[in-house]
Each structure stands twice: as structure tokens, then as C-alpha cells.
There are 2 protein chains.
Amino acid sequence: MLDAHGVRGLTLRGLAAELGGGLGSIYWYVSGKYELLELACDELIGRALDAADTEERLVPSPPMEVDLGTDDEAVLDAVRSLRRVGLALFDQMDRHPWLAAQAQLGGAERSNGLRVWESMGRPLAAMGLTERQQFHGSTALTGYVVGVAAEMSLQDRAADPDLPKGEQLDLVVGRWQSPDYDDFPWIRSMTEQFRGHDDIVQFAAGLDLLLLGLVRQAQG
Amino acid sequence: MLDAHGVRGLTLRGLAAELGGGLGSIYWYVSGKYELLELACDELIGRALDAADTEERLVPSPPMEVDLGTDDEAVLDAVRSLRRVGLALFDQMDRHPWLAAQAQLGGAERSNGLRVWESMGRPLAAMGLTERQQFHGSTALTGYVVGVAAEMSLQDRAADPDLPKGEQLDLVVGRWQSPDYDDFPWIRSMTEQFRGHDDIVQFAAGLDLLLLGLVRQAQG
DNA sequence: ACCTGAACACCGTTCAAGT
DNA sequence: ACCTGAACACCGTTCAAGT
């Protein structure tokens, strides 16, 4: 997969050349570029879900920094489940920076899109939430996952790929000290946090906020 | 703005014709299509923030369905503030379905991107969260907003624009009863919820979960 | 300073023609 | 059934030339 060059960098001519075939032959297998991307998305999402299920090859989870305030084993189990799925999906989108922008997880016709939604919904039901709360919770979770992943993918793409990670952060944070940022004191106050930030930790922290909210809702 | 045809439907040739000018003259004012889109994004985000500030022309907020479990006026004020900004941004992206996919809110160089981040951050600081919690909270909020908005924009675009809303829902939900969905009992159980769903209510519900998590974190 | 439009270098998609 | 590549209808961008 030569998607290291992004969605736009994948041309049907390039793909045909890579496969040693003619340009038109692609259209025998696939209706167009859109379906090609959809299939690639579905494949990668499917693998992420497999990883979440089998528990192998799973990204190491950052420790949970929030206190859920419950020892109900059913609830804790559901939370662990949701966290595992969310982190597996994020990890996959982190590895393939074009994925997040492309993946319309919920409501997709592709079967793995449905698997995502089902994977989110079942634990929510097990937590004892009402159907309405389950519904809202599931779209909140999927929306959060692709939203944060997309945001971070864009942020990383904007950065100069030649510079080392540390210098990139210094460059951004350096701008924050300029007079342009006089109206944004809060952003400036985040200098230290931004310099030490880690994408997956940040993602997990927000996911845990959502999970905390859901636990509270189940308890209330 | 003829962006009723989406980002791809906006061609520089079409724009030049609309403006009654030559194709090349656009490049005198703007470096390319990318910058043009960035400017349009920034303008609309800016208007949304203005609406959130002035409290006029603001979308009616759905009632909060979660119990925050606090009467700390400073915290409640912060929550109201975050909710107002989030809803104003979502409303704008709901009105302009191409916006969400385009808007890299956080970390954008454009000044209104910074305004978004600052608007989210200040209330979080006022809630008494640690700097680390503020940082994580702000990215979670912005990520959630654009993520859910993007997901819903895609969902609405996929639908047949000729059919009335009710029939569209029936069509989707009808498919859920087919044998293809035998492996997705939870999705099937959401039939009733999906049929009666309302985008902005759904968005607000998830936002409130995040806010509930943040309030708990501040209290803990 | 500001505009013009032909020209260029690409796209995705189609389709008559091959095996 | 499966593949080919020229041809088509578009893009965004550049640039010598105008006023």
C-alpha cells in the first residue's frame, strides 16, 4: 500500500503501474476510486477491530487518569471493552494518517463500519443505560474517535517531516510567545503541556472523560 | 457562496465566472484553492464564535439531560460557556456540510482557530482543573465537535436529497431488518431511537457527557 | 497594481478493441 | 472473463501579455 502519499497521492495510473497492469483494468474489479478507498478503509478498520478482539498486537493502553468512582464489575468490564475498541481504532488511524479523514464509521454500509457501531453499543447496553442513552453514547464515542484522530493527523501532516519531533514543538511553541498571541493568554499558558504532549495519551484522556460521563449516567 | 455543491464542486473556473472575472485573477488575491478554502473556513468559524459571544442568532440549545451533580456557580458557568461555544460551532457546520471535514480547529494558524481553542480553554481553567486536565479537555472538546459534525455531514450527504426525511429514515431502518444484520442485534435494537433522532439533540447529548466527565474531574 | 486567458501538467472515467 | 490504452472531459496552476 503506497498510501504514504495520502489519498490525493494515490492515483489510479500509479496504482496500475505498481501492479504492472493497465489503467482500465482497475475498473473491472472496482467501480471507481471512491470504492477503492472505501474497501481500503474497511479492511484497516476490520483489522483494528480484530486486534481489539484478540487482544494481541494491541497498542499499550495509557493508564486511566480519571476515577470512575464505581466498583460495579459489569460497568468496569464495559468500560474496559470500550476503551480497548477506541484505542485500537485510534492506533490504526494514527498509523495511517489518511484513514481518519476518510472513515465515516457510523452508519457506513460497509460491514466493518457496522462492527464498530455494534462493538460500541453492546458494552453501553451492558452498563444499564437506557436505549436513548446507548444511542447517544455510541455516536458520541465514534464521533470522538474519528474527530480527534482526524485532528491529530492534520496536525502531524502540517509539520515539517524533516525536523525532529522536539524541534517541531519548539517551533510552534516559539510562535506562541510572539505579540500575535497577546489575545490568547490561555493558549500561551499551555506551552508546557503542549511541549510534553503525546498523541495517544491525549486521545485516551479525552476518551476517559467520555467514559466517566457514561459511568456517571449509568449510576445516576 | 456557492458551496452548496461541496468542496469539489467549487472550481476556480466556476468562481471566476460567478465573479465575472478571469480565471487567473483569483491568484492575485489568494495563493491557491487551499488558501481560499482556509479563508472561507476561518470566516464561518469566526461568525459562529461571534454568535456564541453575543448570544444573538444562536441556535436554541436542547435541554441538558444529564445531572451535573453540583451547584458550584463557577463550574456551572463554565459548563454553560463551553456548551454555548460547542453548539454554535456545530450549528455552523450543520448549515455548511463541507465545513466540518475541512476545519482543523485546533492548532490552526488562522486566528479564528486560535479563538476556538482559547474559548474552550478559559472555562476549563475557571473550573479549577489542572493544566494537564485543561489541555486534554480542550482537545477532547474540539475533537468531539468536529468529529460528530463531520460524521453527521457525511451521513446526510449519503442520503437521497429528493426523498423527505421521514422516508429516508424508513429506508435505512428497513435494511436493518434484513438477514445481513443478524450479527448486529444491538444496531437492530436501536431502530426506534434512530427513527426519532435529531442531529443537534444527539450532538448536545454527547457534548454533555464530556462536560459531565469534566465536572466530575474538577470535583474529584 | 491588477487582470486576462491560453497553455501546461495532471486527474478520474469511459470504451472500442483486443486476448 | 479479463485486460489494454487512447481518448475525453475535466481539474488547479503558471505565466507572458495586456491595461
Side-chain angles (χ1 to χ4, degrees), chain A residues 1-45 96-104 108-110 112-113 150 153-162, chain B residues 1-45 96-104 108-110 112-113 150 153-162:
Chain A
M1 211 61 94
L2 66 218
D3 300 38
H5 304 89
V7 172
R8 213 159 179 176
L10 171 69
T11 73
L12 298 188
R13 282 174 176 80
L15 183 64
E18 188 88 357
L19 267 51
L23 166 58
S25 69
I26 295 172
Y27 284 84
W28 182 260
Y29 298 97
V30 104
S31 73
K33 186 172 183 178
Y34 180 79
E35 189 180 337
L36 191 69
L37 287 172
E38 222 180 12
L39 285 170
C41 265
D42 201 51
E43 172 66 25
L44 291 180
I45 296 293
H96 308 277
W98 57 273
L99 226 193
Q102 205 67 21
Q104 63 239 56
E109 296 310 294
R110 296 283 153 203
N112 282 321
S153 295
L154 277 173
Q155 214 166 300
D156 292 352
R157 195 180 317 165
D160 189 339
D162 297 333
Chain B
M1 211 63 91
L2 64 216
D3 301 36
H5 303 88
V7 171
R8 213 159 178 174
L10 170 69
T11 71
L12 298 186
R13 280 173 176 81
L15 183 65
E18 188 89 357
L19 267 50
L23 166 58
S25 69
I26 295 172
Y27 285 85
W28 181 260
Y29 297 95
V30 102
S31 73
K33 187 173 183 179
Y34 180 80
E35 188 180 337
L36 191 68
L37 287 171
E38 221 180 14
L39 285 170
C41 264
D42 200 52
E43 173 66 25
L44 291 180
I45 296 292
H96 308 278
W98 57 272
L99 225 193
Q102 206 67 22
Q104 62 238 55
E109 297 309 294
R110 295 283 151 202
N112 281 322
S153 295
L154 277 173
Q155 215 165 298
D156 292 354
R157 194 181 316 166
D160 188 339
D162 296 336

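Just so we're on the same page: letters track the sequence lines, and every chain starts at 1.
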*Once you round to the nearest 0.5 Å, how far does CG of B:Leu39 lie from CG of B:Asn112?*
11.0 Å

_Whole-Å gap separating C1' (D:dC2) and CG (A:Leu19)_ = 14 Å

*D:dA17 to C:dC2 separation - P atoms, rounded to the nearest Å*: 22 Å

Tabulated below should be each protein N or O lying under 3.5 Å from an N or O of nucleotides 10-12 of chain C; please produce it.
from: C:dG12; atom 1: OP1; to: A:Lys33; atom 2: NZ; distance (Å): 3.0
from: C:dG12; atom 1: OP2; to: A:Leu12; atom 2: N; distance (Å): 3.2
from: C:dG12; atom 1: N7; to: A:Arg13; atom 2: NH1; distance (Å): 2.8
from: C:dG12; atom 1: O6; to: A:Arg13; atom 2: NH2; distance (Å): 2.8

*asked:* Just the rounded figure in Å: distance from P of D:dT13 to CD1 of B:Ile26.
replied: 10 Å

*asked:* Nearest 0.5 Å, please: how far is CG in B:Asp42 from CG in B:Leu37?
replied: 12.5 Å

*Listed by chain and number, what are the side chain to side chain contact (heavy atoms under 4.5 Å, CB included) partners of B:Ile26, not counting sequence neighbours?*
B:Leu12, B:Leu15, B:Ala16, B:Val30

*Indicate yes or no for a side-chain donor-acceptor contact from B:Lys33 to the backbone of B:Leu10 under 3.5 Å, with no hydrogens or angles considered.*
yes

*Does the side chain of A:Ser25 get closer than 4.0 angstrom to OP1 or OP2 of D:dC2 through an N or O atom?*
no

*Mind pulling the stems DNA chain D is in, i.e. runs of at least three Watson-Crick or G-U pairs, everything under 3.5 Å?*
C:4-8 with D:12-16, C:12-16 with D:4-8

*Closest nucleotide of DNA chain D for B:Gly24 versus for A:Gly22: which of these residues is on the 5' side?*
A:Gly22

*Any chance you could measure B:Ser153, atom OG, to B:Leu99, atom CG, to the nearest 0.5 Å?*
8.5 Å

*Side-chain (B:Gln102) to main-chain (B:Trp98) donor-acceptor, under 3.5 angstrom*: no

*Separation between NE2 of A:His5 and OG1 of A:Thr11, rounded to the nearest 0.5 Å*: 10.5 Å

